[in-house]
**Q** 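One structure is given below, represented as structure tokens, and several questions about it will come after.
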Amino acid sequence: MQDLNTPQREAVKHLGSPLLVLAGAGSGKTRVITRKIAYLIEQCDMMPRNIAAVTFTNKAAREMKSRVAELMNQRGSNSRGLLVSTFHNLGLTILRRDFALLGYRPGFSIFDAQDSLAVLRDIMGQDFAADSDHASRCQWQISEWKNDLKLPDQAASQAEDADQVAAAAVYVEYEKALLAYNAVDFDDLITKPVMLFQQHEKVLSYWQNRIRYLLVDEYQDTNGSQYALVTLLVGKRGALTVVGDDDQSVYSWRGARPENLLQLQADYTDLKVVKLEQNYRSVSRILRAANALISHNPHIFEKKLWSDMGEGDPIRVIGCRNEDHEAEKVVTELLFHKMKRPTEYKDYAILYRGNHQSRPIERILREMDVPYFITGGQSFFARSEIKDIMAYLRLVANQDDDNAFLRVINTPRRGIGPKTLQILGNYAGEREISLFSACFEMGLTTQLSTAVKTKVIEFSHWLVDIADRVARTGDLVDTLRDMIEEINYRGWLEEVTGDPMQAERRMENITELLAWVERLLKREEGDMKEIGDIAARLTLMDIMERQAEENQDDAVSLMTLHAAKGLEFPHVFIMGMEEEILPHKTSIEEENVEEERRLAYVGVTRAQRSLTFMMAKSRKRYGEKVSCEPSRFLMEMPEQDLAWETEKTPVDPVKRKERGNMHLSKIREMLK
DNA sequence: CATCGTATAGTTTTT
DNA sequence: CTATACGATG
């Protein structure tokens with residue numbers, strides 16, 4: 001306890017009632033959560049298995065788990081059985097125990113956004129104008145309804161316009177389809193457990209008994225259904241600590257409700273509020289700028305960050321001609337800075353509002369041989385080879401998973417094309433059976449040639465055999481390996497990519513996937529043996545991110561401001577500090593500049609020692625040049641803390657180019 | 001079935 | 001401008 005400050009200690013020790021910890025950026029919120037867990041176990045004699053800590057990201061969960069384990073190990077106690085997971089993983093755990101009560105069958109699949117969009121397109125194909133945008137709007141709408149715990153009939157009766165009426169009709173069909181496929185989507189991982197709790201007293205009391213203390217991280221990001229899950233789990237006991245910062249709420253467009261912080265006060269009249277205002281991350285100047293910036297937003301809970309980490313250098317504002325110049329400049333500034341100081345690449349982050357802004361920066365970084373790593377690209381599970389093998393895994397676990405079936409059936413090529421699938425689909429549709437089941441009955445149809453029938457039937461029997469082998473040998477990984485061999489997946493990859501090297505890389509990803517299957521099988525929770533559980537857990541994991549992190553030991557970080565939340569870097573550059581970019585155009589139009597301000601605040605508070613804003617005078621927007629104005633946020637920070645470095649006189653473009661190149665080659669030389 | 005060409009639409013996206 | 005998705009064509 002000695003290394004905690006007074007409010008931190010208060011937060012750790014408070015137990016009598018629900019606790020809200022308003023933790024400013026860099027104020028040690030993770031430390032409070034980990035200490036509190038240790039405190040509960042060591043001082044209050046709670047069993048680790050009766051404590052749950054919930055986060056939003058896998059990364060946060062991983063970090064928390066390891067920090068608790070480390071802390072406890074130091075003192076010779078241990079945290080075995082402690083439940084640290086994401087909301088979605090917790091939902092899956094709850095669902096896995098009692099899925100049957102909701103009508104699901106063993107081995108149910110989890111549909112990712114792509115899967116569910118495919119289902120929606122399928123549904124809408126017949127009754128609605130098949131415009132692809134419409135399907136994703138509908139997906140978004142349904143997701144919003146689920147976040148609000150609205151069932152299809154409620155959505156229909158409360159629909160506000162024609163679009164919503166139409167979407168509600170799709171919602172009905174969508175839910176039917178998911179049940180038929182024995183699948184849940186990501187949102188269901190929260191909403192279905194809530195329904196379980198509401199409908200089945202016994203399930204609720206089981207979990208209330210199991211989880212006797214609940215801690216929630218990044219509380220400002222909870223949405224309606226997550227809030228319901230939390231309050232149901234906590235019940236009347238009120239054994240709850242939530243940690244959050246309303247100033248860092250940047251996901252309202254995704255259903256996050258910062259008002260949940262307030263709601264808590266209404267729901268628990270004995271709510272205790274502790275503010276953490278001492279910042280251990282940034283120098284004073286950066287905090288002063290951050291405080292000034294965020295003070296332009298209205299506040300329910302006032303807080304003011306301070307630190308004793310020194311004053312720090314002025315915050316620079318560097319004006320550039322356009323986005324290419326901006327990219328060039330940020331890289332040269334970074335390299336100059338690195339030469340002047342004993343820093344490493346990993347001490348730097350370049351942050352931006354939209355993913356597309358990374359492009360020119362990446363170009364320059366590659367040109368200059370600067371190691372960088374970029375988050376927010378395609379994830380491991382978005383990779384086609386992983387999706388393929390996952391689809392096989394899902395289909396083995398859940399034969400009703402038509403999405404998996406469709407992905408797998410002609411990958412690699414088995415000569416079963418759209419025509420055959422349509423006939424198969426019609427057959428299955430009429431009888432309300434899965435595509436996979438329909439395969440077995442194909443012998444009866446006259447619509448298909450014997451050759452095609454044979455292929456379809458062969459495939460289905462082969463897959464049944466795979467499932468049998470898994471059951472018989474009990475060795476999932478081995479069987480999968482054989483299966484991948486049997487379908488000559490490597491050959492298929494070589495054929496598709498036309499590049500043996502790339503095929504090899506992709507095969508390595510599959511090897512990695514299998515290694516993860518193995519690891520999951522070995523985990524001590526003995527109930528993880530079922531293939532469906534493995535597939536479900538894998539769907540929620542983020543292997544690639546982890547790999548990227550592990551592989552890059554020294555690299556500049558590139559990411560969106562959203563992705564930067566929760567991280568810190570000694571030196572931060574924020575790109576595109578312009579009207580219509582940092583307060584984003586659509587946000588200005590929708591009069592939601594406050595969230596943009598929080599986003600800027602998140603960016604500013606990532607910086608420990610130095611902060612540099614970049615901006616461009618003009619920018620290509622959809623091929624058209626438009627001129628840009630400095631962001632209003634720059635004016636909202638103390639003038640004396642900002643050092644503007646803008647080019648007053650326009651430079652001749654040819655000269656500028658020459659000089660730019662000179663810059664680059666000079667630096668390149670110096671680096672050698 | 002694959003490839004090419006044209007149309008279209010373009011914030012953020014923890015799971 | 002450029003990524004993507006879908007449709008026509010070979």
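Residue numbers begin at 1 in each chain, while the letters A, B, ... track the order of the sequences. Bear in mind that the values here come from a model prediction, so they are computed numbers and not experimental data.
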**Q** Tell me: CG of L561(A) to C1' of dT12(B), nearest whole Å?
**A** 9 Å
**Q** Can we say D115(A) and R394(A) salt-bridge, meaning some charged N sits less than 4.0 Å from an Asp/Glu carboxylate O?
**A** yes
**Q** Counting only non-hydrogen atoms, which of residues 582-589 of chain A are less than 4.0 Å from DNA chain B?
**A** H584(A), T586(A), S587(A)
**Q** Looking at E589(A), I want to see if its CD is surrounded by more than 12 non-hydrogen atoms of other residues, nucleotides or ligands under 6.0 Å.
**A** yes
**Q** Using atom CG of D187(A) as one end and atom P of dT14(B) as the other, report the distance to the nearest whole Å.
**A** 13 Å
**Q** Using a cut-off of strictly less than 4.0 Å, decide whether T560(A) has a side-chain nitrogen or oxygen near OP1 or OP2 of dT13(B).
**A** yes
**Q** Do any side-chain nitrogens or oxygens of R359(A) fall under 4.0 Å of OP1 or OP2 in dC1(C)?
**A** no
**Q** Quick one: H562(A) NE2 to dT14(B) P, roughly how many Å, whole number?
**A** 10 Å
**Q** Under 3.5 Å, is there a donor-acceptor pair linking the side chains of R537(A) and T93(A)?
**A** yes
**Q** Please confirm whether any donor atom in the side chain of R254(A) sits under 3.5 Å from an acceptor in the base of dT11(B), or the reverse.
**A** no
**Q** Whole Å only: how far is the CZ atom of F186(A) from the C1' atom of dT15(B)?
**A** 5 Å
**Q** Can you tell me how far P of dT15(B) sits from CH2 of W140(A), to the nearest Å?
**A** 20 Å
**Q** What is the distance, to the nearest angstrom, from the NZ atom on K59(A) to the C1' atom on dT14(B)?
**A** 11 Å
**Q** Would you please confirm or rule out a distance under 4.0 Å between OP1 or OP2 of dT13(B) and any side-chain N or O of N355(A)?
**A** yes
**Q** Looking at N58(A), does any N or O in its side chain come under 4.0 Å of the phosphate oxygens OP1/OP2 on dT15(B)?
**A** yes
**Q** Could you tell me the separation between the CD atom of E595(A) and the P atom of dT13(B), rounded to a whole number of Å?
**A** 12 Å
**Q** Between R257(A) and D148(A), is the closest basic N to carboxylate O distance under 4.0 Å?
**A** yes
**Q** Hey, is Y251(A) stacking on dT12(B)? Ring centres under 5.5 Å, planes under 30°.
**A** no
**Q** How long is the line joining CD of E323(A) and P of dC1(C), in whole Å?
**A** 13 Å
**Q** Taking only Lys NZ, Arg NE, NH1 and NH2, and the carboxylate oxygens of Asp or Glu, determine whether E326(A) and R321(A) approach each other closer than 4.0 Å.
**A** no
**Q** Please tell me whether D217(A) and T55(A) have a donor and an acceptor in their side chains that are separated by less than 3.5 angstrom.
**A** no
**Q** Regarding Y219(A) and D245(A), do their side chains bring together a donor and an acceptor under 3.5 Å, going by distance alone?
**A** no
